[in-house]
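Here's the structure we're looking at; comments come further down.
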Amino acid sequence: MSHSEIRVRFAPSPTGYPHLGNIRTALFNWLFARHHDGKFILRIEDTDVARKVAGAVENITESLKWLGLDWDEGPYFQSQRLPQYQEIARKLVDQGHAYLCYCSPQRLEEMRREQMRRKQPPKYDRRCRELTGQQRARLEASGVTPVVRFKTPLEEETSFHDLIRGKVTFQNDTLDDFILLKSDSYPTYHLANVVDDHLMVISHVLRADEWLSSTPRHILLYQVLDWQPPQFAHLPMILGPDKAKLSKRHGATNIIDYQRQGYLPEAMINFLSLLGWSLDDKTEFLSREELVKHFTLERVGKTAAIFNKDKLDWMNGVYLRKLTPEQFASQSTLFLQRDLPPSVKHPLDNSYISTITPLIQERAKTLGDVPRLADFFFLGDLEYDQSLLIKGTDTASATKAIETSLERLKPLEAWNTASLEDILRPLATELGLTTSKFFGLLRVAITGRTASPPLFQTMAVLGKERCLKRLNKALHEIKMQN
RNA sequence: GCCCUCAUCGUCUAGGGGACUAGGACGUCAGCCUUUCAAGCUGAAGACAGGGAUUCGAAUUCCCUUGAGGGCACCA
């Protein structure tokens, strides 16, 4: 591989399922790689045995696949590369850049509590930093398994140039002697991350802003290891509506949930790309190809973005409407099969579905809306809410309207939108009702609700038999209620 | 408490000294269309956190204040 090749990675830890923020990071890495014709690498940072979540790796790969964020290498697993980290840790100890620490977690915990209580920055007191051989031998003999800590320089400062933030500087004395290797001999994030980014020849680290303050530690590691650090770009965070870092308590943040709710991957990609990045002052819609073509770090912003679900819904609706009727029908089918009430008999008839979905397409914001918007096309008997049935009309006129409609409709042979309109529209005048009232009444009788696709089209799709049956039932209910 | 970062309409953002009476989008409101709901169209309301400084001129540069976020684990 050439030295100038762009190589980036998405490196999630399998301690949970990826949410919007994680995926936005993946997306920007992917876009950056594709834009520069580089490589996008997937690395699983599974160094925390205790917090590992079953199925997380599968969920991560599934999410990336759903969105079409294909990776060129990996997934690599850090848990399978333990010897590499251990060797580096050993080397650092040998060279005097790191040391063995025998302090117990309990002692550290107490110390932290005390520091917090005294409003001091919680920091390791470096008790083991300068142990004599004798002291070490005694601790070793007592059976304590040590951790390896980095010997952070006590003076001077560490700075680096962030591609998005510019120059960032930290005083070394504000840094801790952080742990490199845990007592279970797994590396911590800091060690594994640096070692892997170097070994995998990562050219650019594009990660969320929350990592900014650990970057000086990483820089320090690169320095003592005599490795060239990658370029860093810390992406603005995505926050929940409460302005806090996205987390479980923000609800359905797992990216796969959005798939389940019926968001389209294209819409998701487009929406996410605009969270922290923009092309110009007006472009809202960009295809995957356009995104790849135009994506640059220069146009990534610095300010954290609050996730705005309303806009996602709007955008998904636009993408839904852009689908061909055939595409929309086939995409809807899965959701209808999954979410229609159990009373609806399966399997569903595909040709019937394709007559319905055109009436739903411009009304759905997600594919998950489809079953709710279309259930009355599949249900047998409808349950009427009496207040809906007689809304805006009195019982007598409602009864008469439906009776007359039934009378005129029964002999109708050609049951289609035009013929239905030819019969029913004049009837409104005849009955002395506004079309709004008359059609509204029929709408409730036919669909069980006050809002639906256009009445005649709906009736045409439902068919004569079902419509007459529903009108009869509605009529019966009106009479029963009085 | 300490460190770091950020700061334009409710939200996502454009803006990198004069083109800004600050543009676009979502949302909101109003109107049009209309058999309802949507969709569509038109319009409206709506922001440069505050204070200094630099400059002929600042949303744009610098400083301070304030606010917000993030980090400070044998978690990543």
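Labels below follow one simple rule: chain letters A, B, ... track the order of the sequence lines, proteins then strands, and each chain is numbered from 1.
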For a quick check, with a 4.0 angstrom heavy-atom cut-off, what is the B/S/- contact string for nucleotides 24-33 of chain B, read 5' to 3'?
BBBS------
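- In this structure, A:Phe456 reaches the bases: a heavy-atom distance under 4.0 Å links it to at least one base atom across the strands shown.
- Side-chain N or O atoms of A:Trp314 include none that pairs as donor or acceptor with a backbone N or O of A:Gly317 at under 3.5 Å.
- Both distances falling under 3.5 Å, in either a Watson-Crick or a G-U wobble arrangement, place B:G10 opposite B:C26.
- At a threshold of 4.0 Å, the pair A:Arg408-A:Glu430 counts as salt-bridged, since one of the basic side-chain nitrogens sits closer than that to a carboxylate oxygen.
- Each of A:Lys302 and A:Arg443 lies near RNA chain B, and the nucleotide nearest A:Lys302 is the one positioned closer to the 5' end.
- Base pairing of B:G46 is not made with any nucleotide, judged by Watson-Crick or G-U wobble geometry with both donor-acceptor distances under 3.5 Å.
- Between A:Arg107 and A:Asp125 there is a salt bridge, with a side-chain nitrogen of the basic residue lying less than 4.0 Å from a carboxylate oxygen of the acidic one.
- Searching all strands for a Watson-Crick or G-U wobble partner of B:G17 with both distances below 3.5 Å returns nothing.
- B:U66 and B:A58 have their P atoms separated by 26 Å, with the value rounded to a whole Å.
- Stacking of A:Arg149 on the aromatic ring of A:Tyr124 is recorded, both the 6.0 Å distance cut-off and the 45° axial limit being met.
- By the 4.0 Å N-to-carboxylate-O rule, A:Arg113 lies too far from A:Glu110 to be salt-bridged with it.
- Between the CG atom of A:Asp280 and the P atom of B:C12 there is a distance of 18 Å, rounded to whole Å.
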Heavy-atom protein contacts under 4.0 Å, nucleotides 60-76 of chain B, coded B base, S sugar-phosphate only, - none
--------SSSSBSBBB
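- A:Pro236 comes within contact range of no nucleotide atom at all, as no heavy-atom separation falls under 4.0 Å.
- Contacts of A:Pro454 with the nucleic acid, taken as non-hydrogen atoms under 4.0 Å apart, include base atoms.
- Remark: B:U61 base-pairs with B:A53. Criterion, Watson-Crick or G-U wobble with two distances under 3.5 Å.
- Looking at A:Asp313 and A:Lys309, a side-chain N of the basic residue comes within less than 4.0 Å of a carboxylate O on the acidic one, giving a salt bridge.
- Between A:His218 and A:Tyr189, the ring centre distance stays below 6.0 Å.
- Pair assignment for B:G1: B:C72, on the basis of Watson-Crick or G-U wobble contacts that are both within less than 3.5 Å.
- Counting any heavy atom pair closer than 4.0 Å across all strands shown, A:Gly317 reaches no nucleic acid atom.
- A:Arg107 comes within 4.0 angstrom of nothing in the nucleic acid, heavy atoms only.
- Taking 4.0 angstrom as the limit, A:Arg425 places a side-chain polar atom (N or O) nearer than this to OP1 or OP2 of B:U35.
- When each of A:Arg321 and A:Glu298 is assigned the nucleotide of RNA chain B bearing its nearest heavy atom, the one mapping closer to the 5' terminus is A:Glu298.
- Taking the six-membered ring for Trp, A:Phe32 and A:His204 have ring centres closer than 6.0 Å.
- With respect to the salt-bridge test (charged N to carboxylate O, under 4.0 angstrom), the residues A:Arg207 and A:Asp197 do not qualify.
- A:Leu275 comes within 4.0 angstrom of the backbone, heavy atoms only, and of no base.
- A:Lys293 has no carboxylate O lying under 4.0 Å from a charged side-chain N of A:Glu290, or vice versa, which leaves the two without a salt bridge.
- Residue contacts for A:Ser452: at a heavy-atom cut-off of 4.0 Å it reaches a base atom on one of the strands shown.
- Salt-bridge formation is not detected for the pair A:Lys151/A:Asp177: no Lys NZ or Arg NE/NH1/NH2 atom is positioned less than 4.0 Å from an Asp or Glu carboxylate oxygen.
- The stretch residues 161-170 of chain A comes close to RNA chain B through A:Arg165, A:Val168, A:Thr169, A:Phe170, each having a heavy atom under 4.0 Å from the strand.
- Between A:Arg165 and A:Asp209 there is a salt bridge, since a side-chain N of the basic residue sits under 4.0 Å from a carboxylate O of the acidic one.
- B:C48 and B:G67: their C1' atoms are spaced 16 Å apart (whole Å).
- Here A:Glu284 pairs with A:Lys311 in a salt bridge; the nearest charged N to carboxylate O distance falls below 4.0 Å.
- Nucleotides B:G50 and B:C33, compared at atom C1', are 47 Å apart to the nearest Å.
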